[in-house]
Structures are given as C-alpha cells and as structure tokens.
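Data first, discussion second: the structure below is written as structure tokens.
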Amino acid sequence: MAKMKVAQVSSPKGPLEIAEREIPEPEPGSVRIQVAACGVCHSDSLTKEGLWPGIQYPRVPGHEVIGTIDALGQGVAGWKVGQRVGVGWHAGSCGSCDACRRGDFFACQTVTRITGITHDGGYAEYTVAWANALARVPDELPAADGAPLMCAGVTTYNALRNSGAVGGDLVAILGIGGLGHLGVQFAAKMGFRTVAIARGADKEPLARQLGAWHYIDSRASDPAVELSKMGGAKVVVATVTDADAMSAAIGGLAVNGTFLILGAAGPISVPGMFLLRGKRSIKGWYSGTSIDSQDALAFSVLSGVRSMNEAFPLERAAEAYDRMMSGQARFRAVLTMGTR
Ligand SMILES: [Zn+2]
Ligand SMILES: [Zn+2]
C-alpha cells in the first residue's frame, strides 16, 4: 500500500505528531482528495485538547481543506478525478430527515459528521470526504488562499448575506481577527457602510485597508454610543469570543437591527426593553454547508477578498497550531502540502 504523511493527535491534549499512514480508499458516496492546503482553525482545539465528546484517537484535525479529487468511491455522481474541491466543518447530511427536507442541512437530524472531529480531516496529504460535502474551487484561487475561506470565510460571508442588510446599510464587524478581517472585506465588497470595531488604535490602518468606512476603538470610546451617532447598525456581526465586548456593542443596533453571534461566548446581557422597543434581535449563525462555501469562494474571486495567511509546511503543523492558539497569527495559519 502507498503511504501518506499526516499530522495527528494520539490522545486528548497530546502533541500534534507527524505519522505515516496508508493512503485511505474512498467508501461508497465518498471521494479521496489529495490535499493541497488546510487552514488551522481555533476549533481544531476541540480535537487537539479533547474538548469534543466521543472523539476517537488518533485523529487528524483540519476542516479548511482545499485539494484535488484523486479517486471516486462507488456511486459518486457529478464529480470527477482531477477536479479541485474544498471541504469544511459540515461534512455531510442525509437529505431525507425533516430538517434536510426543510433545507436546513446544517441541522441534519441523522448525520453528525464533522471534518477532523468525527473522522480524519485535512492535516494530511490525503483525506476522504462525502461527495455531498464538497465545494467546487475556482481555478483562479490558489489553495492556500482558499483554505481559510472554508470556515472563517464562509462563516462571515454567509452570515452577512443572510443578515437582511442591503447595499448602503450600516453594518459593524466586531473584532478584527481571523474571522473579522474577512468579515470587514466581505461587508465592504457587498456594499455596506462598514464599521470595524476593535480594541486599540493600532488596528485602524489595517481595518481601513480592508475596506472599513469607519473605525471604532472600543478602548477609547463606547461602541454602542458611536454606532448610535451614525444612526445605528442594521447588523452587528460579532466575531469575538468575549461576552462583555458583545454586550457593550448591542446598544448600537438600529431599529429592526440584528446582532449576529459568530463567536462562542458565555452569557450575554441585554435589557429586554431595548430589544422590544426597537424590534431588535440577537441571533446566532452557524457557518454554512458545501454550497455556501462554494459561493464564498466564488464571491472572493469575483470581489478580490483574500485571507491574510501565515503558511507552514505540513511537517510544522505543531508550530502552526501553537501560532494560531497564541492569537499572534496575522491572521490565519495555513498548512501547505507542496501541491497545487
Ligand atoms: Zn473552523
Ligand atoms: Zn438529514
């Protein structure tokens, strides 16, 4: 059997180690992908640190996968060998449960497949994915540029395009990190009056370069007051994980405004009266499924949205993970496998 290199975790909280494995065969309904790049996402810590219940080790993390189909399993229609594809967090759905029949594939009641958690992901030279979890990758998009769009990108893009905001509306992106630096670009390219909110003045030049029309330093001023002065935000997209930072911005919502939560945070406090008097709402957003990712990739090529990445070869996966966890990466860490 031919062998491949992977970066795997052998036990909860264990190190990411390079191992040699047999190249897997795709089961029916699946394709094998020769991986070209895989983003390193904060959610990979669920696998690395054993925070997701029921993970079987050793496990290969990684749910921001871009590569090329190199073998088809039985019964796969609509995909061919040599095609460039991406795989994200959402690893497939059944198509026949009530949630799927309503189009809510992300909430499939019978399939709970998560790339890099319930089965091996993209920190590897090859991986296997269900055909219904695949996104087409435009030729113009280099693999390392596309990888972070498979999670951080699709999450912000899909939240914004489903937010109800239309061109010209005031939309604020809270946090300029891995998600936020993409969120600001998407919001600007969608034609929103885009406000970036972050701590400190040092991120303002970058925020403006990414397309922000206005910048709020949440250390120097109150984001709710500043947004209100501009008429209030139709949408605030919260990419931070700090519940207090979220609570501090909710007051900046316009009448009919929506506060979208993308970052996992603790309890958020908000006066009920403020919500009901302005018909305001707070809701969560779940990222997206394969067609959402495909749309995010296509929109990024069309509009020039790009993730800012630090690239590491697969062999340095442990270093890339530490860099991501340190919060110092500008802005996404990406593993590259030396192929297109
Ligand atoms: Zn992710
Ligand atoms: Zn289903």
Side-chain angles (χ1 to χ4, degrees), residues 7 9 16 29 35 37-49 51-52 55 59-66 86-124 127 129-133 135 144-159 175 177-183 186 237-241 261-265 284-293 296-297 300 307-310 317 320-321 323-325 327 329 331-335:
V9 183
L16 271 163
V35 180
C38 183
V40 178
C41 179
H42 193 271
S43 301
D44 295 341
S45 62
L46 299 172
T47 301
K48 167 77 170 60
E49 312 304 335
L51 302 173
W52 192 275
I55 295 183
R59 179 61 72 227
V60 176
H63 57 268
E64 294 187 336
V65 185
I66 300 279
V87 188
W89 171 271
H90 182 83
S93 48
C94 74
S96 54
C97 71
D98 283 0
C100 283
R101 289 165 62 209
R102 291 194 173 95
D104 291 326
F105 300 105
F106 74 95
C108 178
Q109 294 155 301
T110 64
V111 174
T112 46
R113 274 172 68 84
I114 304 171
T115 311
I117 290 186
T118 61
H119 56 282
D120 289 332
Y123 289 19
T127 192
W130 280 11
N132 75 10
D145 286 2
L149 300 174
M150 294 303 301
C151 180
V154 64
T155 300
T156 47
Y157 167 80
N158 205 30
L179 265 70
H181 92 288
L182 288 165
F186 282 125
V237 176
T239 70
V240 295
T241 51
I261 295 177
L262 273 49
W285 193 266
Y286 70 93
S287 189
T289 57
S290 58
I291 193 66
D292 299 313
S293 299
L297 296 175
S300 299
S307 176
M308 297 169 79
N309 298 334
E310 296 181 6
Y321 177 83
R323 178 79 179 150
M324 178 277 299
M325 289 300 280
F331 282 92
R332 298 294 281 188
V334 177
L335 302 176

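Counting starts at 1 for both ligands and their atoms, in listed order. We're numbering straight along the sequence, starting at 1.
A 4.5 Å side-chain heavy-atom check between Leu262 and Leu179 finds at least one atom pair inside the cut-off. Met150 is not listed as a side-chain neighbour of Cys38, based on a closest heavy-atom distance of 4.5 Å or more. In this structure, the side chains of Asn309 and Pro148 come closer than 4.5 Å at one or more pairs of heavy atoms.
Ion pairing of Arg332 with Glu310 is absent here, as no side-chain N (NZ or NE/NH1/NH2) approaches a carboxylate O to less than 4.0 Å.
Asp292 and Tyr157 share no donor-acceptor pair across their side chains, judged by distance under 3.5 Å alone.
Protein N/O/S atoms closer to the Zn ion (ligand 1) than 2.8 Å number 3 in this structure.
Within a radius of less than 2.8 Å around the Zn ion (ligand 2), the protein N, O or S atoms are Cys94 SG, Cys97 SG, Cys100 SG, Cys108 SG.
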Scan the side chains in residues 108-117 for donor-acceptor partners under 3.5 Å anywhere in the protein, sequence neighbours excluded, and list what turns up.
from, atom 1, to, atom 2, distance (Å)
Gln109, OE1, Asp98, N, 3.2
Gln109, OE1, Ala99, N, 3.1
Arg113, NE, Ala91, O, 3.4
Arg113, NH2, His119, NE2, 3.4
Thr115, OG1, Gly88, O, 2.6

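Note on ring orientation: taking the six-membered ring where Trp is involved, the planes of Trp89 and His63 are perpendicular (angle over 60°, cut-offs 30° and 60°).
Ring centroid separation for the pair His90 and Phe106 does not come in under the 6.0 Å cut-off.
With sequence neighbours excluded, the residues forming a salt bridge (Lys or Arg N to Asp or Glu O under 4.0 Å) with Asp120 are Arg21, Arg59, listed by chain and number.
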